[in-house]
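Source: prediction; values computed, not measured.
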Amino acid sequence: MKNVALRPLKKYSVKVFLGPFFKLFEVACELIIPFLTKTIIDQFIPADNMRNTIIYGTIILGLGFFSFFMTMIAQYYASRVACDYGYDIKKEIYHKISTLSEKQLDAYGKQKAVTLVNNDSFSLQNAVHMFMRLIFRPPFLIGGALVMSFIISPYAGLIFGVIMVLCAIVVALLFILTPKRYASIQASLDDINLVASDSLKGARPIRAFNKQEYVEEQFEDKAAVYKKKNMNMAGLNSILNPATFCFIHLGIILVVYLGNIQVDGDALISTGSIVSLISYLTSSFAALMMFSRMIVSLNKANASLKRVNEFLNMEPEIVNSPKGEAVEEEDYIRFDNVSFSYAQGSPKKTVSNININIKKGQWIGFIGGTGSGKSTVISLLERMYEADEGVIYYRGLPIADYDLNKLRSEVSLVSQKPSVFKGTVKSNLVLAKDDATEEEIENALEQSLAYEYVSKYSDYIDHEIEENGANLSGGQRQRLLIARGILKGGDLLILDDSTSALDYLSDLHVRENISAIPGLTKIIVSQRAGSLKDCDCIYVFDKGEIVASGTHEELLEKCSIYKEIYDMQRAQ
């Protein structure tokens, strides 16, 4: 599997190098300052050499300012690269979402894909930031402090080395034990997001059936699993700080003890050496703490990296690969023995042996029970899914050979699920046509009957629409979406059960208005047989197959399913 998640970092390679490079200057200053301090304490203060004390003190102050300046530069590069990378990886993930088919997104899990954008990308961004800040600092600081300790005193250096080995063992154990746990935590977070998303989408039926407590229990169960895993991880991480703290302070005690040992009347190590060694130990302790945080961050990011790579390495099933120009044929659209199943490799087909012929300018109707395959056929025509068997021809070409962008620009779909976005009436409409004039917008609103309520708003088409069109009724949402479909134009308009929330009279007027649009081919999917009476041809679906086709009058004579639907609705 290609490591594509780190690919965006290549364009920041210079900055990725410069950040840690400037950190090395900070480390050098931290190593020099305690050694200069030792010289002041051991040599200049006992000799009452104020001049050299001031000179060395000034040098220490200058090194402090220089260290601060280098740190700020390193922090800037780390923060800038991390933020830019976070932005890029979010774009990569979102672009991949837009290229995958509905079938692939359904199989992967749409909520899981959202978690990649919101959570996993941030985890990777944070890891890049921590990596650039800390990848060089702890090892160089600890290694340098070890060398300086041996220079000061071989005994002190030995103590320092043993302490660092003990601390390294603790950090190594943390590095080994945490990766799989973070992957499990991320999976639990997916479960929480899924439950929360479903609860928000289904808020009305949940309240209507008084199932708030049941949903809350579901959420609490998922949250409890997530909490337990996080607590176990926190417990594991909590071992690091006390253990290293204990080892470092043991080293400090031993260094102080060495200072009390007399050899030929002199201390084994001087007071200045003790101060500098304690400084090296405490600096190393701080570096180890930061290094452990980096390890935790990298382990967490590694789990996210695998998830993001798995997603970004998915090859889109539906690709735009035009292989010819459209030719004028008698059949504008033709389904030739088309079969399809949502489940990959399933022998049970959602639709099977679909044969449809549509001529330019015709009004075509689809009718059938729920789950009979009507909307699936529409999705195949739009190439939201790829047919498993058979061929769909569009303008004389196999639809897989037709330019995908051109196909979707020529087809206007009004879905059975009202997709209204937060914004204004106008912003929802111009999704279909960026350069639509106010006259075109008003004409589309009138043809869809949406003008009836939009014209009553004081701010007209600039009226605010809430998330998911919450401040509109079901019929208002459908009329707004029909207006959007009309505004888009194109050669083919598909109304996929998109007038179900309209009363019969409004449904009739909308269909009359659409019928008057010249040269437009129309497909209407409806549960109402009365809405299809004027269609040139009606296809009757049952259990994923087309069981009959013909005009309204022909179907009343030869199709019992259609006649039963019509008689039942007429009797109501």
CD (Glu564) with more than 12 external heavy atoms under 6.0 Å
no

Is Lys488 reaching over with its side chain to a backbone N or O of Val411, donor-acceptor style, under 3.5 angstrom?
yes

Might you work through the side chain to side chain contact (heavy atoms under 4.5 Å, CB included) test for Ile482 and Leu480, ending with a clear yes or no?
CA-CA 5 Å; Ile482 292 171; Leu480 183 63; over 6 Å; no

Ring centers of Tyr85, Tyr12 separated by less than 6.0 Å:
no

Do the side chains of His509 and Leu449 get nearer than 4.5 Å, heavy atoms only?
yes

Any chance you could measure Tyr394, atom OH, to Tyr402, atom OH, to the nearest 0.5 Å?
5.0 Å

Scan for side chain to side chain donor-acceptor pair (under 3.5 Å) pairs involving residues 446-457, sequence neighbours excluded, and state none if there are none.
Glu452-Arg479

Would you check, one step at a time, whether the test side-chain hydrogen bond (donor to acceptor under 3.5 Å, both in side chains) holds for Tyr504 with Ser531?
CA-CA 8 Å; Tyr504 284 95; Ser531 298; over 6 Å; no

May I have the step-by-step check of side chain to side chain contact (heavy atoms under 4.5 Å, CB included) for Val128 and Leu124, ending in yes or no?
CA-CA 6 Å; Val128 169; Leu124 291 173; 5.7 Å; no

Flag side-chain contact, heavy atom, 4.5 Å: Ile561 against Tyr566:
no

Any donor-acceptor N/O pair, Ser549 side chain to Ile538 backbone, under 3.5 Å
no

Presence of salt bridge, Lys426 and Asp462, under 4.0 angstrom:
no

Rounded to the nearest 0.5 angstrom, the CG-NZ distance for Leu105 and Lys112 is 12.5 Å

Just how far is it from atom CG of Asp403 to atom CG of Asn320, taken to the nearest 0.5 Å?
4.5 Å

Using modelled atom types only, decide if a donor and an acceptor are shared between the side chain of Asp491 and the backbone of Glu410 within a distance under 3.5 Å.
no

Could you walk me through whether Glu466 and Lys422 satisfy the salt bridge (Lys or Arg N to Asp or Glu O under 4.0 Å) test, starting with their C-alpha distance in whole Å, then the side-chain angles of each, then the deciding distance to 0.1 Å, before giving a yes or no?
CA-CA 5 Å; Glu466 294 179 6; Lys422 183 174 176 61; over 6 Å; no

Start with the C-alpha distance between Arg383 and Leu407, add both sets of side-chain angles, then the distance that settles side chain to side chain contact (heavy atoms under 4.5 Å, CB included), and finish with yes or no.
CA-CA 9 Å; Arg383 277 197 82 194; Leu407 169 70; 4.1 Å; yes

Pick from Leu495, Asp497, Ile494: which one makes a side chain to side chain contact (heavy atoms under 4.5 Å, CB included) with Val414?
Leu495

Please answer whether the main-chain N or O of Cys537 pairs with a side-chain N or O of Thr551 as donor and acceptor at a distance below 3.5 Å.
no

Correct closest heavy-atom pair for Asp434 and Val430 would be OD1-O, 3.3 Å

Pairing of Lys103 and Glu317 as salt bridge, 4.0 angstrom limit:
no

Chi angles and distances behind the side-chain hydrogen bond (donor to acceptor under 3.5 Å, both in side chains) call for Ser121, Lys90
CA-CA 6 Å; Ser121 61; Lys90 280 181 170 64; 3.1 Å; yes

Flag, side chain of Lys374 to backbone of Gly369, donor-acceptor distance under 3.5 Å
yes

Leu380 and Glu386 have their tightest heavy-atom pair at CD2-C, 4.0 Å

Provide the closest heavy-atom pair for Gln476 versus Asn471 in the form atom of the first, atom of the second, distance.
OE1-O, 4.4 Å

Does Ser341 offer a backbone N or O that forms a donor-acceptor pair with the side chain of Asp388 under 3.5 Å?
yes

May I ask you to check whether over 12 heavy atoms, not counting those of Lys543, lie within 6.0 Å of atom NZ?
no

Ignoring hydrogens and angles, tell me if any N or O in the side chain of Asn443 forms a donor-acceptor pair with the backbone of Glu439 under 3.5 Å.
no

Test Tyr460 against Glu442 for side-chain hydrogen bond (donor to acceptor under 3.5 Å, both in side chains), laying out the working first.
CA-CA 10 Å; Tyr460 191 38; Glu442 189 168 305; 3.1 Å; yes

Please list, chain by chain and in numerical order, all residues satisfying ring-ring contact (aromatic ring centres under 6.0 Å, His included) with His129, sequence neighbours excluded.
none

If every non-hydrogen atom of Val391 is compared with every non-hydrogen atom of Pro398, which pair is closest and at what distance?
CG1-CB, 3.9 Å

Atom CZ of residue position Arg408 - does it have more than 12 heavy atoms of other residues, nucleotides or ligands inside 6.0 Å?
yes

Let me confirm one number: the CG-CD1 distance from Asp496 to Ile524, rounded to the nearest 0.5 Å.
10.0 Å

Give the minimum heavy-atom separation between Gly361 and Thr521, together with the two atoms involved.
N-OG1, 2.8 Å

Step by step, work out the salt bridge (Lys or Arg N to Asp or Glu O under 4.0 Å) result for Glu553 and Lys533.
CA-CA 8 Å; Glu553 291 76 15; Lys533 289 173 64 176; over 6 Å; no

Report the C-alpha distance between Arg7 and Asp88 in whole Å, list the side-chain angles of each, state the deciding distance to 0.1 Å, and finish with yes or no for salt bridge (Lys or Arg N to Asp or Glu O under 4.0 Å).
CA-CA 10 Å; Arg7 189 169 50 197; Asp88 289 340; over 6 Å; no

To check you understand the geometry: which heavy-atom pair defines the closest contact between Ile546 and Asn355, and what is its length?
CD1-O, 3.7 Å

Pair Ser419, Arg484 - check side chain to side chain contact (heavy atoms under 4.5 Å, CB included), show working.
CA-CA 11 Å; Ser419 301; Arg484 187 163 71 193; 4.2 Å; yes

For Lys11, is there an ion pair with Asp84 - N to carboxylate O distance below 4.0 angstrom?
no

Using 0.5 Å steps for rounding, measure from the CD atom of Glu545 to the OG atom of Ser372.
11.0 Å

Would you compute the distance between atom CD1 of Ile392 and atom CD1 of Ile333 and round it to the nearest 0.5 angstrom?
9.5 Å

Establish, yes or no, whether a centroid distance under 6.0 Å links the rings of Phe335 and Tyr393.
no

